[in-house]
There are 2 protein chains.
Amino acid sequence: MQTPEPLGGTRPTSRDVARTAGVSQATVSLVLGDKWRGRVSERTAGAVRAAARELGYRPNLAARNLRLGRTRTAMLVVPALTNEFFAHVYTGAAAAAARHGFGVVLYPSPDGLGPARDPFASAQAALDGVIASSMATGALEAFRGTDLPLVMLDSDPAGPGAAAHVNLDVADGMRRVTDHLLGLGHRRFLHLASAAPSWTFDVRAATLAHALRGTEVRTERSPLNVADAWEAAGRALDAPGPRPTAVICDDDILAVGVCKAARRLGLRVPDDLSVTGFDDMALATVVEPELTTVRLPAEEFGRRGMEALLAVLAGERPRPDTLPVSLVPRGSSGPAPAA
Amino acid sequence: MQTPEPLGGTRPTSRDVARTAGVSQATVSLVLGDKWRGRVSERTAGAVRAAARELGYRPNLAARNLRLGRTRTAMLVVPALTNEFFAHVYTGAAAAAARHGFGVVLYPSPDGLGPARDPFASAQAALDGVIASSMATGALEAFRGTDLPLVMLDSDPAGPGAAAHVNLDVADGMRRVTDHLLGLGHRRFLHLASAAPSWTFDVRAATLAHALRGTEVRTERSPLNVADAWEAAGRALDAPGPRPTAVICDDDILAVGVCKAARRLGLRVPDDLSVTGFDDMALATVVEPELTTVRLPAEEFGRRGMEALLAVLAGERPRPDTLPVSLVPRGSSGPAPAA
DNA sequence: GCGCCGAGGTTTTACGTATAACTTCCGTGG
DNA sequence: CCACGGAAGTTATACGTAAAACCTCGGCGC
């Protein structure tokens with residue numbers, strides 16, 4: 001009643017462990033840090049471990065981080081949490097990190113694909129490095145004035161400021177999509193692009209434009225969610241003039257919106273309209289017919305990103321790397337309807 | 001070449017700022033900590049701030065946390081990142097935290113809905129508290145031996161170990177679903193439940209059993225992903241005996257799987273089969289027809305969880321709270337087919 | 001018999017910050 | 001003219017850990 005002692009009192013420190021084990025604090029640190037090969041006797045080490053267990057000792061991470069000058073923690077910055085893709089990137093990064101005793105903190109950039117404001121004010125954890133995935137052009141700004149090593153995923157390898165780059169071969173992915181559709185006889189296209197400015201989407205657009213030169217291509221932009229994509233696609237498909245026979249989307253989410261719009265307009269997929277996605281998330285197999293899409297190795301992507309960061313922290317300078325992607329043909333794409 | 005000075009040299013400390021500003025380190029701390037009301041002159045404060053800006057000074061969080069004994073960081077433990085629901089919970093929690101100068105770290109429990117192994121080994125950030133959302137029964141174990149305040153979301157309010165509870169009124173949600181379907185004349189049900197053991201799902205099952213007593217109810221279990229749900233639903237709907245006319249699902253994801261299975265079996269939704277979901281995520285409006293489902297106030301949920309944690313940290317003992325939910329009737333439920 | 005070495009510790013220090021306790025200086029009321 | 005108090009700082013200390021530097025003692029080669 002007098003001193004409430006909030007929740008179980010105060011935590012035991014290494015000094016407490018030392019006292020109950022009858023040794024000095026330094027010995028505790030050596031034993032618990034596994035650096036006692038020939039410095040501490042077997043029985044003393046046992047006594048220390050027993051005391052630690054008895055007291056329920058847990059090292060104070062803040063103190064350790066302060067002493068060591070590193071935290072063994074990385075931050076993964078992602079533009080959105082509602083996009084399943086980033087969940088897989090995180091999984092891969094976290095797995096790779098764990099193998100090296102690292103933890104990964106997830107920081108969803110609050111502005112969607114916009115610049116990350118002040119990631120360090122929000123994610124208060126001290127960090128060894130940052131992995132930024134598919135951030136918007138200019139999101140880098142938030143990291144200026146910082147000496148934290150930065151690994152960029154899916155961003156311009158020629159861009160400044162990053163210690164390492166890992167990319168997906170989205171250009172190849174887009175080429176596979178256009179080859180596929182051209183082979184099916186399509187000549188009038190709608191490109192439903194992401195409204196967020198980002199290098200990865202710029203590459204897709206440029207590749208598409210080059211691969212489809214000589215055909216008819218319209219472009220519409222939409223934020224990465226079903227409702228907006230639905231509306232944007234409805235607008236574009238209902239426009240005057242000859243209707244596109246194929247819609248190429250920058251993301252599965254957009255493609256799902258297109259499928260909804262097509263249904264609303266009475267267009268059958270793929271008989272009247274072919275639709276392709278990008279990412280090959282679970283969402284791609286939810287719609288009927290299932291989406292033809294580009295499979296991205298998301299977990300591998302996260303893993304490589306983390307490995308690149310670890311390499312940077314080890315003083316290396318990893319080469320920019322590009323991961324292969326593949327086309328997954330499914331029911332949403334078919335021969336162009338007879339003119 | 002001699003000393004590579006890895007990345008821009010070493011970070012400036014408050015002592016460096018003090019030196020360039022011509023004051024003591026204590027003054028820097030006072031000024032930058034905004035505790036200089038009548039202790040430091042206006043000009044000195046200005047000089048300190050200028051020096052800090054010039055050097056690009058950022059306080060060392062590890063040192064601050066060590067000194068203050070708190071981190072202003074909370075960890076949100078979630079069972080899965082691929083479930084959009086938790087993205088919204090995070091958003092709400094992070095927003096509430098930010099208003100109090102707190103950061104939120106996201107920790108996806110690696111075992112799906114299973115127990116979180118050692119969250120502190122993985123999420124290396126020092127923490128003030130933990131919010132665990134919809135964790136499996138027994139996941140609490142990982143937090144024993146710890147004095148960290150724990151707020152449980154969607155878990156047994158009578159269970160031990162938590163400093164506070166915030167729940168969703170899932171029982172009411174399930175009752176609204178059963179009322180809705182009974183009113184439409186349904187008498188043969190399939191309950192597609194989550195395979196993960198969790199209080200929230202137990203409540204749904206118990207409520208359903210009570211509300212549907214006297215009718216025919218079969219139960220099937222599936223992990224929370226479309227592919228498994230598809231298979232489980234296919235199995236159950238293809239079983240011998242009279243087919244259920246309505247499938248009640250514990251989650252929108254499961255319901256989407258059911259819709260796929262129904263299509264595969266040639267059953268039309270809702271004419272031959274009514275399907276209901278739970279959560280009202282974006283996914284619910286992706287399928288055709290859109291899902292009748294229960295809307296959960298996910299962001300509010302996260303917000304309240306964070307506020308409860310902040311209250312606990314302030315020494316209060318917040319009352320367990322339960323948030324209302326609502327039924328969203330859409331196209332996937334209709335009158336029971338004529339016997 | 002002496003020096004040396006290694007095993008098994010201990011003492012000490014540093015990490016960067018926040019703040020309690022102390023100092024100095026000046027203006028002022030009695 | 002002196003004590004006093006407030007303004008504007010400074011000095012000193014503590015947070016808990018890791019590790020460098022130091023100590024002690026017994027055994028052993030020469």
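What you are looking at is a predicted structure, and each value in this text was computed from that prediction instead of being measured. Chain naming here is simple, since letters A, B, ... match the order of the sequence lines and numbering starts at 1 in each.
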Open item on the list: With a 3.5 Å distance limit and no angle check, can you tell me whether T20(B) reaches the backbone of D16(B) through a side-chain donor-acceptor pair?
Closed with: yes

- Task: Using only side-chain N and O atoms of S14(A), determine if any of them is under 4.0 Å from OP1 or OP2 of dA18(D).
- Result: no

Whole-Å distance, R11(B) CZ to dC15(C) P, equals 15 Å

task: Taking R37(B) for its side chain and D34(B) for its backbone only, find out whether a donor-acceptor pair lies under 3.5 Å.
output: yes

Which atom pairs, one a donor and one an acceptor, fall under 3.5 Å between side chains of residues 85-100 of chain A and the rest of the protein, sequence neighbours left out?
{"from": "H88(A)", "atom 1": "NE2", "to": "E84(A)", "atom 2": "OE2", "distance (Å)": "2.9"}
{"from": "Y90(A)", "atom 1": "OH", "to": "V104(A)", "atom 2": "O", "distance (Å)": "3.2"}
{"from": "T91(A)", "atom 1": "OG1", "to": "A87(A)", "atom 2": "O", "distance (Å)": "2.9"}
{"from": "H100(A)", "atom 1": "ND1", "to": "A96(A)", "atom 2": "O", "distance (Å)": "3.2"}

Tightest non-hydrogen contact, residues A47(A) and A21(A), listed as O-CB, 4.0 Å

Residues in residues 38-54 of chain A with a heavy atom under 4.0 Å of DNA chain D, by number, are R39(A)

### Message
Side chains of S14(B) and L32(B), heavy atoms from C-beta outward: is any pair under 4.5 Å?
### Response
no

Could you check whether V23(A) gets within reach of a base, just the sugar-phosphate, or nothing at all, counting any heavy atom under 4.0 Å? sugar-phosphate

Per atom distances to the A63(B) side chain, the nearest of dT12(C), dA12(D), dG16(C) is dG16(C)

* Give L68(A) one of three labels, base, sugar-phosphate or nothing, depending on what nucleic acid heavy atoms sit under 4.0 Å from its own. => sugar-phosphate

request  = Identify whether any heavy atom of S24(A) sits under 4.0 Å from a base atom; if not, whether one sits that close to sugar-phosphate; answer base, sugar-phosphate or nothing.
outcome  = base

To the nearest angstrom, the CG-P distance between L30(B) and dA21(C) comes to 15 Å

Rounded to whole Å, the CG-P distance (L66(B) to dA18(D)) equals 12 Å

Side-chain contact, heavy-atom cut-off 4.5 Å: W36(B) with E42(B)?
yes

K35(A) NZ to dA20(D) C1', in whole Å, measures 13 Å

To the nearest 10 degrees, the angle between the two end axes of the helix from dG1(C)-dC30(D) to dG30(C)-dC1(D) (five pairs per end) comes to 70°

Separation between OG1 (T13(A)) and CZ (R58(A)), nearest 0.5 Å, reads 15.0 Å

Notebook entry, point to check: Is it true that the side chains of T71(B) and D128(B) contain a donor and an acceptor less than 3.5 Å apart?
Noted result: yes

Exercise. Ignoring backbone atoms, test whether T13(B) places a side-chain nitrogen or oxygen under 4.0 Å from the OP1 or OP2 oxygen of dG16(C).
Key: no

Here the distance between atom C1' of dG16(C) and atom CG of N65(A), to the nearest Å, is 13 Å

**Message:** Between R304(A) and E300(A) (salt bridge meaning N to carboxylate O under 4.0 Å), is one present in this structure?
**Reply:** yes

Between CD of Q25(B) and C1' of dG16(C) the distance, given in whole Å, is 7 Å

Examine dG16(C): is either OP1 or OP2 under 4.0 Å from a nitrogen or oxygen in the side chain of R67(B)? Give yes or no. no

| query | So does R64(A) get a side-chain nitrogen or oxygen closer than 4.0 Å to the phosphate oxygens (OP1/OP2) of dA18(D)? | reply | yes

Checklist entry - Does the side chain to side chain contact (heavy atoms under 4.5 Å, CB included) test come out yes or no for F301(B) and D154(B), once each step is laid out? => result CA-CA 9 Å; F301(B) 194 41; D154(B) 241 349; 3.9 Å; yes

When rounded to whole Å, the CG to P distance for the pair L61(B) and dC15(C) reads 18 Å

Between CZ of R37(B) and C1' of dT19(C) the distance, given in whole Å, is 15 Å

